Structures are given as C-alpha cells and as structure tokens.
Amino acid sequence: MPEGHTLFRLATSLRDAFAGDVVASGSPQGRFEESAAQLDGLRLLEASSRGKHLFVDFEQDRAVHVHLGLYGKFVVRAAPAPDPVGQVRWRLVSGSAYADLRGATACELVTPEARQAILDRLGPDPLDPGADPERAWARISRSRAPIGGLLMDQAVVAGVGNVYRAEVLFRHRLHPLRPGRTLRRGQFAALWEDLVVLLHDGVRAGQIRTLRPEDAAAAREASTVEHRRVKNYVYRRQGQPCLVCGATVRTEELAHRNSFWCPRCQPVFRSRAVG
DNA sequence: GTGCCATGTGAAA
DNA sequence: TTCACCTGGCACC
C-alpha cells in the first residue's frame, strides 16, 4: 500500500534486517541482474525513505533507488529464503534475513549525484522531522491549481497519495477543486500538522486510518451495510452516505486519479464568516 | 474461475 | 495521450 507511510516502514524493516551486514544480491527475474551483481557481497549501510522513494545504501558509494509505483511489493522476512515466487526483481539475503522486491516502477543503481537529484525534486515530507512546510505553502499559496492536485504533486508535498489526499481534505472540510491560493495560511498549517499526525499513525499501524474517535460508531454501522470494514471517511466510498452528515459521497477524476469528497461537508466555496 | 480496479510514476508515441 | 510495470483484492459468475 504505497503512500509515504509504507516506504517509511519499509526503510525501517530493511535497516533493522540488514544494516551493517554483508549481503548477497541478485535478480532472479533478470531485469536488475547486472546492477544486483555489482552489489553482491557488499555491506549494506542504510535504508531510508523520502516521500514514496526508497534508498538502500551500500559501501563504495553505491545506492539503489526504489519506487514501488502502484503495485510494487518489497517484503522483508527471516531467513532462510525460499525459492523465488513470481517475478522477483531484486533479492537481498543475509545470514538472518532476506528481502524480495516485485513489480516496482523503479529499481536502479544510482550515483550519489543522481540520488541527490531525486531528493531535490521532492517537496517536504511530513514524516521527515527536518521538513520545511513553508516550501509547500510557498507553492500552494501561489497556485491557481486545485488543492486536490497540488497535494498529489510530489514536488509540493512528498508522500501524500490518493488516500491521504481524499481523507485529509475531508478532515479539513476542503473541496478538492478549491484553488490552492484560496487557502488561508492557518488552514494550510492545520492541514500540514494533520498530515504529520496521520502519516505517523500510518507508520505505526501499517494502514491508513483517518477516522476521528467520535465517528467510529458511524463507521461500524456503515461497515455492516458496505460489507467491508470502513476505516476512512470518503476514499472509495462513492455513492455511500457520509459518516458525518449523511450526504452521498461523490467521486470525480482529478490529477489522473479518482478523487472522493462529501459535497455537503466539503463545499467548493464557504462563507468566510458566519454571524 | 474471470475480469476489473487500485494507495504511482515515467517512458514511449 | 497511452502504455508499462505485471501484484493482489474483490465483485461477480
């Protein structure tokens, strides 16, 4: 489930399993064979993530850049490694663990310069304690583009995907089509703080859970009707009643992905003040 | 069992 | 604008 929290967890798993160890590296599938062979027998130093990008660093200034894309998987398990199942692009093996990468959009050996260039393209990551949200605000506050598109732009905020986009906008009563520059600074600050909380919760839980405690009862009730556990407000709940107000959740494509929102909780325009 | 859709991105056309 | 990646969950038969 690759939004930023997934990659952060994965970096932790890889670090815990391999950091400091000499590893065997190969590509059973063959597509990463030449590069994998160059890493075979080297010491793995570190694994880290920024947004949805993962970096695995080895001695001799070698690093692998991985992007899981929509359905890539990278599993880390205890040894012994079984025969590879399916298309294993990259396999790492140590005395105590193994890791298999499948279906990734990107798996490439990168120079330190190329690695840095990837980092330079990315906006601040809410999971990064050193992230500077002002960089995101500078982009959003100047843009006529819809906030629902800006949040998906990894150069604006790194790590937010389609689920977090839908959910954080719901939690802040913002319509996805609202132009970025119509947000007030305080609204952005609250949005960012919420992303920090939600992504960290995603890291802990291993899943995206966005319901506030006060809405848990409504979610349980909805689950019996929808035949699947409801743990989010609007993501993939189109046609279902909003857990807060009961209006029918809507969907429409935005930034090449389906966007979901409640037309009553998230009006396009809101009066600036009441009373 | 089959077929569609999906938490994403970049290359090819 | 379309395709590639080529996994996996789930609705439907």
Side-chain angles (χ1 to χ4, degrees), chain A residues 1-11 27-33 35 49-55 64-77 84-91 99-110 114-115 117-123 125-127 148-171 176 195 198-211 223 225-240 251-261:
Chain A
M1 295 77 181
E3 294 195 27
H5 67 301
T6 304
L7 282 297
F8 190 95
R9 270 174 80 91
L10 184 50
S27 178
Q29 175 209 41
R31 278 193 54 194
F32 190 53
E33 199 160 20
S35 301
S49 71
R50 180 79 64 85
K52 300 167 191 168
H53 298 257
L54 175 75
F55 297 94
V64 176
H65 167 229
V66 171
H67 194 295
L68 293 177
L70 190 54
Y71 45 70
K73 294 279 183 300
F74 206 166
V75 298
V76 183
R77 300 270 154 76
V85 176
Q87 303 280 307
V88 177
R89 180 92 58 88
W90 187 28
R91 170 172 276 193
D100 281 350
L101 173 67
R102 295 182 178 76
T105 290
C107 174
E108 55 181 355
L109 200 53
V110 289
R115 184 187 193 288
I118 292 164
L119 292 175
D120 289 345
R121 293 203 306 266
L122 297 173
D125 179 348
L127 287 172
L150 291 165
L151 285 179
M152 293 284 276
D153 183 343
Q154 300 300 297
V156 176
V157 181
V160 171
N162 207 18
V163 183
Y164 280 121
R165 157 175 81 169
E167 295 299 311
V168 80
L169 289 177
F170 178 88
R171 285 166 58 101
L195 284 172
L198 290 174
L199 279 153
H200 277 289
D201 179 77
V203 170
R204 270 194 304 279
Q207 61 177 338
I208 301 174
R209 309 178 300 186
T210 53
L211 297 175
S223 295
V225 177
E226 295 177 42
H227 301 294
R228 70 189 179 90
R229 180 143 180 276
V230 173
K231 52 187 198 299
N232 302 111
Y233 287 103
V234 290
Y235 176 71
R236 292 243 265 168
R237 291 195 66 248
Q238 71 273 26
Q240 303 294 327
T251 182
E252 200 170 291
E253 196 164 295
L254 173 56
H256 314 297
R257 314 298 303 285
N258 290 324
S259 180
F260 307 88
W261 75 96

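Chain letters run A, B, ... following the sequence lines, proteins first, then strands; residues in each count from 1. Keep in mind that this is a model prediction, so the values were computed, not measured.
- Proximity of residues 229-239 of chain A to DNA chain B (heavy atom under 4.0 angstrom from any strand atom) is restricted to A:Y235, A:R236.
- Note: CG (A:N258) to P (B:dT7) measures 7 Å, nearest angstrom.
- Checking side-chain atoms of A:Q207 against main-chain N and O of A:G202 turns up no donor-acceptor pair under 3.5 Å.
- Interatomic distance, CD1 of A:I208 versus CG of A:D201, reported as 10.0 Å (0.5 Å rounding).
- Applying the salt bridge (charged side-chain N to carboxylate O under 4.0 Å, His left out) definition to pairs two or more places apart or across chains, those involving residues 151-171 of chain A are A:R139-A:D153, A:R171-A:D194.
- Checked by atom type and distance alone, the side chain of A:R102 never pairs as donor or acceptor with a backbone atom of A:Q87 at under 3.5 Å.
- Between A:K52 and the phosphate of B:dT7, there is no side-chain N or O to OP1/OP2 separation shorter than 4.0 Å.
- As rounded to whole Å, 8 Å separates atom P of B:dT9 from atom CZ of A:R257.
- Computed from coordinates, the A:R50 CZ to B:dT9 P distance equals 15 Å when rounded to whole Å.
- For B:dG10, one of the phosphate oxygens OP1 or OP2 lies less than 4.0 angstrom from a side-chain nitrogen or oxygen of A:R121.
- Not a single donor-acceptor pair under 3.5 Å links the side chain of A:R31 to the backbone N or O of A:S27.
- To the nearest whole angstrom, the two C1' atoms, one in C:dT1 and one in B:dT7, are 23 Å apart.
- Spacing of P atoms, C:dC5 relative to B:dT2, comes out at 23 Å, to the nearest Å.
- Put simply, the side chain of A:R50 never gets that close to the backbone of A:L122: no donor and acceptor are under 3.5 Å apart.
- For DNA chain B, runs of at least 3 consecutive pairs of the Watson-Crick or G-U wobble type, with both hydrogen-bonding distances under 3.5 angstrom, map to B:1-6 with C:7-12, B:8-12 with C:1-5.
- Look at NE2 on A:H256: it is 16 Å from C1' on B:dA6, rounded to the nearest Å.
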Item checked: B/S/- contact track for nucleotides 2-7 of chain C, protein heavy atom under 4.0 Å -> ---BBB

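- With both ends at atom P, the span from B:dA12 to C:dC6 equals 15 Å, rounded to whole Å.
- A distance-only check finds no donor-acceptor pair linking the side chain of A:K52 to the backbone of A:H5 [under 3.5 Å].
- Between A:R228 and C:dC10, a side-chain N or O to OP1/OP2 separation shorter than 4.0 Å is absent.
- Side-chain atoms of A:S49 never come within 3.5 Å of backbone atoms of A:L54 as a donor-acceptor pair (strictly under, hydrogens ignored).
- The closest donor-acceptor contact from the side chain of A:E3 to the backbone of A:G51 lies at 3.5 Å or more, if one exists at all.
- Here the CG-CZ distance, from A:L119 to A:F55, works out to 4.5 Å after rounding to the nearest 0.5 Å.
- Between A:H67 and B:dT9 there is a side-chain polar atom (N or O) within less than 4.0 angstrom of OP1 or OP2.
- Protein atom CD of A:E253 is 12 Å distant from nucleotide atom P of B:dC5, rounded to whole Å.
- In terms of the ring-ring contact (aromatic ring centres under 6.0 Å, His included) criterion, A:Y71 has no residue partners (sequence neighbours excluded).
- Per the geometry, CG belonging to A:L7 stands 11 Å off C1' belonging to B:dT7, to the nearest Å.
- For the pair A:L199 CG and B:dT7 C1', the computed distance is 12 Å after rounding to whole Å.
- The interatomic distance linking A:L68 (CG) with B:dG10 (P) rounds to 13 Å, in whole Å.
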Return all side-chain donor-acceptor pairs below 3.5 angstrom for residues 251-258 of chain A, not counting sequence neighbours, or 'none' if the list is empty.
{"unit_1": "A:T251", "atom_1": "OG1", "unit_2": "A:S259", "atom_2": "O", "d": "2.9"}

